[in-house]
Each structure stands twice: as C-alpha cells, then as structure tokens.
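The next block holds one structure in the form of structure tokens; read it before the comments.
Counting starts at 1 for both ligands and their atoms, following the listed order. Sequential numbering from 1 along the given sequence is applied to the chain's residues. These numbers come from a predicted model, not from an experiment.
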Amino acid sequence: MRNQPLDGKTIILRIELDTKQTFFGTAATAIENAGGDIIAIDVIQTSRDRTVRDLTVKVREADTPGRIAKAFEKLPGIRLINVSDRTFLLHLGGKITIQPKTPIQNRDDLSRVYTPEVARVCNAIHEDPSKAFTLTIKRNCVAVVSDGSAVLGLGNIGPFAAMPVMEGKAMLFKQFADVDAFPICLDTQDTEGIIATVKAIAPGFGGINLEDISSPRCFEIEQRLREELDIPVFHDDQHGTAVVLYAALLNALKLTDRKIEDARIVVCGIGAAGTACTKMLLAGGARHVIGVDREGILTRDHHYPNGMWQWYAEHTNEDRVYGGLAEALQNADVFIGLSAGGILKREHISTMADQPIVFAMANPEPEIRPEEAEDLVAVIATGRSDYPNQINNVLCFPGIFRGALDCRASVINEEMKLAAAEAIASVISTDELGPLYIVPSVFNQRVVEEVRRRVVQAATASGVARRQPRE
Ligand SMILES: NC(=O)c1ccc[n+]([C@@H]2O[C@H](COP(=O)([O-])OP(=O)(O)OC[C@H]3O[C@@H](n4cnc5c(N)ncnc54)[C@H](O)[C@@H]3O)[C@@H](O)[C@H]2O)c1
Ligand SMILES: O=C(O)C[C@H](O)C(=O)O
Ligand SMILES: [Mg+2]
C-alpha cells in the first residue's frame, strides 16, 4: 500500500470499455460505490466498439483505488489499464530539465558556443582559473549531492530512490533563488569515495549542498570537503535545518514569553539534523538541552563509540537525567523531533511544562500529527507543506546559497548561518506572530531576499566574501 494515494487526493484511472458489452455509466456507478468522485473525463482513443478514457477521480479513503479495481474485475467489458495519482504523473520523466540560454540558429552561433571560438574562452580560463566563475555555469550552480543513505525519514533507500528528493531540491533552488542546482546521487556510501567524487566534480560548481547522508559519516564528509575545497560545502540536513529551527524557536519563545537560556529543550533523534540543531541552540544561549536517541537519553557518564554522541553527551544534560523520551520530557518546555514518524504520544506532551512547544520535524511523517496534539500545545510545527508552521530547510538553503554565490563566499560560516536564522525570524513582525504563524511561508518572497541580504553582509564582515555583488 506504500504507493497508494493518500485520503482526499486525486487519482487518474485509465479504463478501456468494450461498448458492445457495457456502458460508461456502469463504470461510473462502480467508482461512485467504491468511494470515488469523478471530476473529469478525457477520451484518449475511440473506435466503433472500444473506447479508452482517463477518469480523474477524487478518492475519499486510502483503499478506494483498490476497491475500484476489485469492482471492475467483476464487470465484463471494463478493463482497468492503469492507475496513477497526480504526484506520480508529476514525476514522469523527472522534474527538471536543462535549457540553453541562447538558441543556436546558424553556423555563426555554432562557431561561438562551440568550436572554434569556444577555445579562446577555454584558454582564458586556463590562464586565470578564477575566470571559471565569470565564464561558466559555476557562478550560479550548486550540486545537490546524496548517497541515498538517510533520505527524509525513509532511511537508506539508495541513490536511485533518492533522486526525486534531490530533483525536488533543485526545483526549489531554481524557483525561489534562481540558483541552477543539479541533483547528483552517488552509487557509493564509502566516505572516501564520496569525498573523492565530490572533489572531482567540484570545478563545475560554485557550491556543494550535501543532502540526506546519514550520520555519523556526514560529519567527516562535510568537514573534509570544507577543508579541501574553496567553494561552500553545506550539509543541508545539518545546517539548513538548524538555521530554520533556530528561527522558529526564537519566534515560538517570544510568543510564549520565554527566554532561550531558561527553556528546557528535548531534542529527539541525535543524527545529522539533531546534532546541528543542538549546536545552534547552544551557540544561541540554550543551557538546558537533553538529547534522546533510540537507546534513550545521552548522558555524560556513558562512553559512546560515535564521536559526535560523545561530544553531545559532554555538552548537554548537565542535570544528568536518565531514561528515555518519557523521562526527558517531564516538565520540558520544548520538544524538537528529528527522528522518526509517530513516536511522540499525547501522554508524553501532557507531562511537559505549561504551554509546551512541539516541533515534530521528521519527514514525511512527523513524530506526532498536529491534529492529535493541538489541544495540548501552545505551538506545534512540522516539516511538511500541508500544515501551518512548516519548519523545513527549504526556508534556508535557497537564500543562503543565493547570498554565498553572489558574494562568491569561500565557505558558509557560523556568522552567515546566524544571519540567515535572524533573517527568517525577522520576516514575521511582532504583530503578525501567532501560534499558527511562527515561521514565514516558503512562498513569502521576502524570505530569500532577506536571507540573501544578511548573508552577504555576514560573509563580508567575516572576511569570506570574494566579491561585492551589485544590489
Ligand atoms: N524539517 C526539516 O527541515 C528536516 C531537516 C532534516 C531532517 N529532517 C527529518 O529528520 C529526521 C532525521 O534526519 P537526519 O538527516 O538527521 O537523519 P539521521 O539518520 O542522520 O538521524 C536520525 C536519528 O534519529 C534516530 N532515531 C530514529 N528513530 C528513533 C526513535 N524512534 N527514537 C529516537 N531516535 C530515533 C536515529 O537513531 C538517528 O540518530 C528525518 O525524518 C528527516 O526527514 C527534517
Ligand atoms: O527534504 C525535506 O523536506 C527536508 C529535509 O531535507 C529532510 O531530509 O527531511
Ligand atoms: Mg534532507
């Protein structure tokens, strides 16, 4: 059932009718009886005794398509050729394409974009490699690189299955920040193999956005690439998430009249995202953070083979709380979930402090659905597009890379991340702030603009900008 469309969604049924044996009305009635609502009909092919039609059908329940298929099996003269939903149709052939900026209309054009004239441009770059930034796509191009090892919360589903997410990130880069991003899914999960491959492809890119690479390998991969490349390398699940989380938390704390230093914060899922979010919270002044992973609360009297967990245990949970999620959440002000769907229960939230803040950010299924918890919380947010308060790294990565590319930053540093977080939080004024509006919408055009502006300023002030963009 994993590929079944979700409730309330639209599917498209391609059916073939033998018009000597049956009528369209029979098919329509079967669909209605199975819980489907036909909202459009397209005739695809027709002949004297055969017709093929696409029926766009709203489904009320997840098992409606299955029930329609069963009903058709019993009806002579009706054949179900295919069921697709709009999401799958949108993915047919992939979601992005490459387009030339100018058409090649004659031999003159051809000789400029290609041999022989292109050779002069190649020689110019050979003499001065920094010209690659002005004379090639490098200036505006980001590689979105994954090994498919931690795709959303789906786990290690490999490079082929990771592609739709990476294509989606490339679309978002382009639409929101006019960055040309290319999805690259690697058929290796070997740390050295990934580092060598990214270094080898780097000449064509002005930045590297690492995506959905599992921890702890992601830490070393990013660290080494940062040291060995002179373009920004940014692990989105760590830093993009941390930036947006921090922005959202600043606003949620403001709304509930709390200070970050006093807030008791539980981070669940100490992987790539959970670790980076915690580092940003500590840098922002948080003093009471407890981390919980599958084996329970991380404590400093335990030795962890995972170096990042060892670091984590030494820098959090000063009061030495032991146990699991339930124990960690007693009297906590904030829950930050970056773990797995459905693991937070109402019973957990009811033991939290008054006016709890719940950020259930696992994708695609949050730790708890807002409708299950909204009567218990002051603020709830998820990473999804279909609920209010979407805390998702898409609020950060387009704008932070736009800024970094525009000022040709050599890295994306802490100052730039902090500037991006403050920019996102600032898009919502005090008057506008409310329980359903702690982070701006992805479609708010001020987000990228403001993030870019402050990121360029921060890069310049911290000495990593290599040019000043025209405003
Ligand atoms: N909203 C966003 O912008 C955003 C950004 C990044 C990641 N995420 C989501 O956060 C989750 C983690 O992503 P990641 O990149 O850090 O992955 P990761 O694989 O690096 O880390 C996941 C961590 O969660 C832990 N975990 C899994 N199940 C758990 C459970 N039942 N209880 C406690 N801990 C558990 C794992 O042991 C691991 O340490 C995913 O669901 C991902 O989709 C959301
Ligand atoms: O892809 C997303 O929606 C956010 C994030 O990068 C994730 O891995 O969940
Ligand atoms: Mg991700």
Notebook entry, point to check: For the side chain of Gln390 and the backbone of Gly383, is there at least one donor-acceptor N/O pair under 3.5 Å apart?
Noted result: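 It does hold such a pair.
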Checklist line | Sidechain-backbone polar pair: Glu432 side chain, Ser429 backbone, donor-acceptor under 3.5 Å | finding: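 Indeed, once roles are kept as given, a pair shorter than 3.5 Å links the two residues.
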Next item on the list: Provide, to 0.1 Å, the distance between atom 15 (O) of ligand 1 and the closest protein heavy atom, together with that atom's residue and name.
Entry: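 Ranking protein heavy atoms by distance from atom 15 (O) of ligand 1, first comes Asp237 CB, 3.8 Å.
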Check: Among all protein non-hydrogen atoms, which one is nearest to atom 5 (C) of ligand 2, and what is the separation to 0.1 Å?
Finding: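 Protein heavy atom with the smallest distance to atom 5 (C) of ligand 2: Asn393 ND2, 3.4 Å.
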Checklist line | Asp212, portion touching ligand 2 at heavy-atom distance under 4.0 Å | finding: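 Asp212 to ligand 2: side-chain contact only, backbone stays beyond 4.0 Å.
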How does [X] reach ligand 1, if at all, at less than 4.0 Å between non-hydrogen atoms: by side chain, backbone, both, or neither?
| X | result |
| --- | --- |
| Ile343 | side chain |
| Asp236 | neither |
| Thr382 | neither |
| Leu338 | both |

Notebook entry, point to check: Name of the Asp212 N, O or S atom nearest the Mg ion (ligand 3)?
Noted result: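 It is OD1 of Asp212.
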Check: Are the aromatic rings of Phe397 and Phe176 close, with centres under 6.0 Å apart?
Finding: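 No, ring centres 6.0 Å or more apart.
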Margin query: In this structure, is the centre-to-centre distance between the rings of Phe335 and Phe359 below 6.0 Å?
Written below: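 Not under 6.0 Å, so no.
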